[in-house]
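All of these numbers come straight from a predicted model, not from anything done at the bench.
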Amino acid sequence: MTTTPDRAAAAATEMETTTATARADLAQVTEPRARFRDLVAAEWVKLWSLRSNTWAFVIGGLAVIGFNVGTAWDTYRYWTAQDARARADFVRDGIPLSIAFTANAAMVLMLALSAIGATAIVGEYRTGMIRTTFTAVPARRSVMAAKVCVVTAVTTVFGTVVAAASFGLTQAVLSGRHIGVPIDHPGALRVLVASALLAPVSALLGMALGTLIRHSAATMTANVVILLLLPLVFSADRHWAAVVDHALPTGAWIRLVDVDRQPVAYPWTLTGAWTVYAIWALAAAVVAVTSVQRRDQ
């Protein structure tokens, strides 16, 4: 026969179970799962909450445009040829397009954007904000996917603006000597698009390396090695080295902006260069999204 104390204990247990269930249901009602667009909005706010990011975009953009316009101004200033044939040869050799986005400007763009991409994730690890983020939103892959989307969109717009401004300003300067070319000139649009997309490719690479390394200095060093040093080490004079060079983002950009097709020992196709762009961007995004799933923060 059940005693009164046993009945009271059972009733208390049942009440506690009911209360816990009600609290869980209330938590589910008051704390809905974060929508992806909300994660994107949060990452947008975090990206622009640091003044350093804004200054990095402004200074990086001005430096890239300054390199290109400075080269165009030097060409304008020291141009001495007066005959139409010299101008025609200058345009035919693709020199106006090489001035529209120079190798020095591309180097600055790659370094600046890879640093911005790395800072987007390394900064959170340094301050510990990443723990807060993943505590609030346990779906780590969704958080990183939102971060990748924001960085890709912002840097693509940035690259487009910088490339378009560089092209317009450099050709305006060269037109003072009648050696500028319009946007519909053969190869001009390809140079503009390739230079613009170099920004998101570099930013995604920096983010992927930052996710793996998680230290600012080491991440920046890895960016420099991949984007600048490896293209210098692997010369295109030998087949195996040329294959490595063609597979790097810098080598792909060089091929895409090579309008006059200078003869090389082991040539590369435009389709192959665009494919290298796509593979680097996709692989970097996958690494950034998936590498945080099983690692401690």
State, yes or no, whether a side-chain contact exists between [X] and [Y] at a heavy-atom distance under 4.5 Å.
| X | Y | result |
| --- | --- | --- |
| Thr133 | Lys46 | yes |
| His246 | Val243 | no |
| Leu256 | Trp268 | no |
| Leu205 | Leu209 | yes |
| Leu111 | Asn223 | no |
| Phe101 | Val257 | no |
| Phe90 | Thr75 | yes |
| Thr269 | Arg255 | no |

(request) Could you verify whether a donor N or O on one side chain and an acceptor N or O on the other, from Ser195 and Trp253, lie under 3.5 Å apart? (result)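 Present: a donor and an acceptor within the cut-off.
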(request) Verify whether one side chain among Thr102 and Asn68 offers a donor that lies under 3.5 Å from an acceptor in the other. (result)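 Present: a donor and an acceptor within the cut-off.
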(message) Please confirm whether the ring centroid of Phe57 lies under 6.0 Å from the ring centroid of Trp48.
(response)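 Distance test on ring centres: under 6.0 Å, yes.
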(message) Tell me if the centroids of the rings in Tyr76 and Trp73 come within less than 6.0 Å of each other.
(response)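 Centroid separation for Tyr76 and Trp73: below 6.0 Å.
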Taking [Y] as the starting point, is it possible to reach [X] by hopping between hydrophobic residues whose side chains are less than 4.5 Å apart?
| X | Y | answer |
| --- | --- | --- |
| Val143 | Met129 | no |
| Val225 | Leu113 | yes |
| Phe36 | Val154 | yes |
| Leu270 | Val193 | yes |
| Ile254 | Val233 | yes |

Kindly say whether [Y] contributes a backbone atom to a donor-acceptor pair with the side chain of [X] at under 3.5 angstrom?
| X | Y | value |
| --- | --- | --- |
| Thr250 | Leu227 | yes |
| Ser166 | Ala163 | no |
| Arg87 | Arg177 | yes |
| Arg141 | Val289 | no |
| Gln171 | Pro182 | no |
| Asn53 | Leu47 | yes |

[X] versus [Y], closest heavy-atom pair with distance:
| X | Y | result |
| --- | --- | --- |
| Ala72 | Val173 | O-CG1, 3.6 Å |
| Leu109 | Ala199 | CD2-N, 4.1 Å |
| Pro249 | Tyr277 | O-CE1, 3.9 Å |
| Met207 | Ile121 | O-CG2, 3.7 Å |
| Asp258 | Arg190 | O-NH2, 3.6 Å |
| Met144 | Ala288 | CE-O, 3.4 Å |

(request) Check the pair Val259, Arg92 against side-chain contact (heavy atoms from CB on, under 4.5 Å), reporting the backbone distance first and the verdict last. (result) CA-CA 9 Å; Val259 178; Arg92 185 197 63 222; over 6 Å; no
Rounded at 0.5 Å granularity, tell me how far [atom1] in [X] sits from [atom2] in [Y].
| X | Y | atom1 | atom2 | answer |
| --- | --- | --- | --- | --- |
| Ser49 | Glu43 | OG | CD | 10.0 Å |
| Thr221 | Ile213 | OG1 | CD1 | 8.5 Å |
| Leu228 | Ser114 | CG | OG | 8.0 Å |
| Leu248 | Leu229 | CG | CG | 11.0 Å |
| Ile130 | Phe134 | CD1 | CZ | 3.5 Å |
| Phe67 | Asn104 | CZ | CG | 5.5 Å |

(request) May I have the step-by-step check of side-chain contact (heavy atoms from CB on, under 4.5 Å) for Val162 and Ile65, ending in yes or no? (result) CA-CA 7 Å; Val162 170; Ile65 296 173; 4.1 Å; yes
(request) Please assess Thr152 against Thr156 for the test side-chain contact (heavy atoms from CB on, under 4.5 Å), listing each intermediate value before the final yes or no. (result) CA-CA 6 Å; Thr152 301; Thr156 299; 4.0 Å; yes
(request) Apply the side chain to side chain contact (heavy atoms under 4.5 Å, CB included) test between Val287 and each candidate in Thr211, Leu212, Leu204; give the one that qualifies. (result)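 Among Thr211, Leu212, Leu204, the one that satisfies the side chain to side chain contact (heavy atoms under 4.5 Å, CB included) with Val287 is Leu212.
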(request) Check the pair Leu174, Trp79 against side-chain contact (heavy atoms from CB on, under 4.5 Å), reporting the backbone distance first and the verdict last. (result) CA-CA 10 Å; Leu174 295 177; Trp79 181 265; over 6 Å; no
(message) If the threshold is 4.0 Å, N to carboxylate O, is there a salt bridge linking Asp74 and Arg77?
(response)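 Salt bridge flag = no for Arg77 with Asp74.
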(message) Closer than 4.0 angstrom, basic N to acidic O: yes or no for Arg214 and Glu124?
(response)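 The answer is no: the pair does not qualify as a salt bridge.
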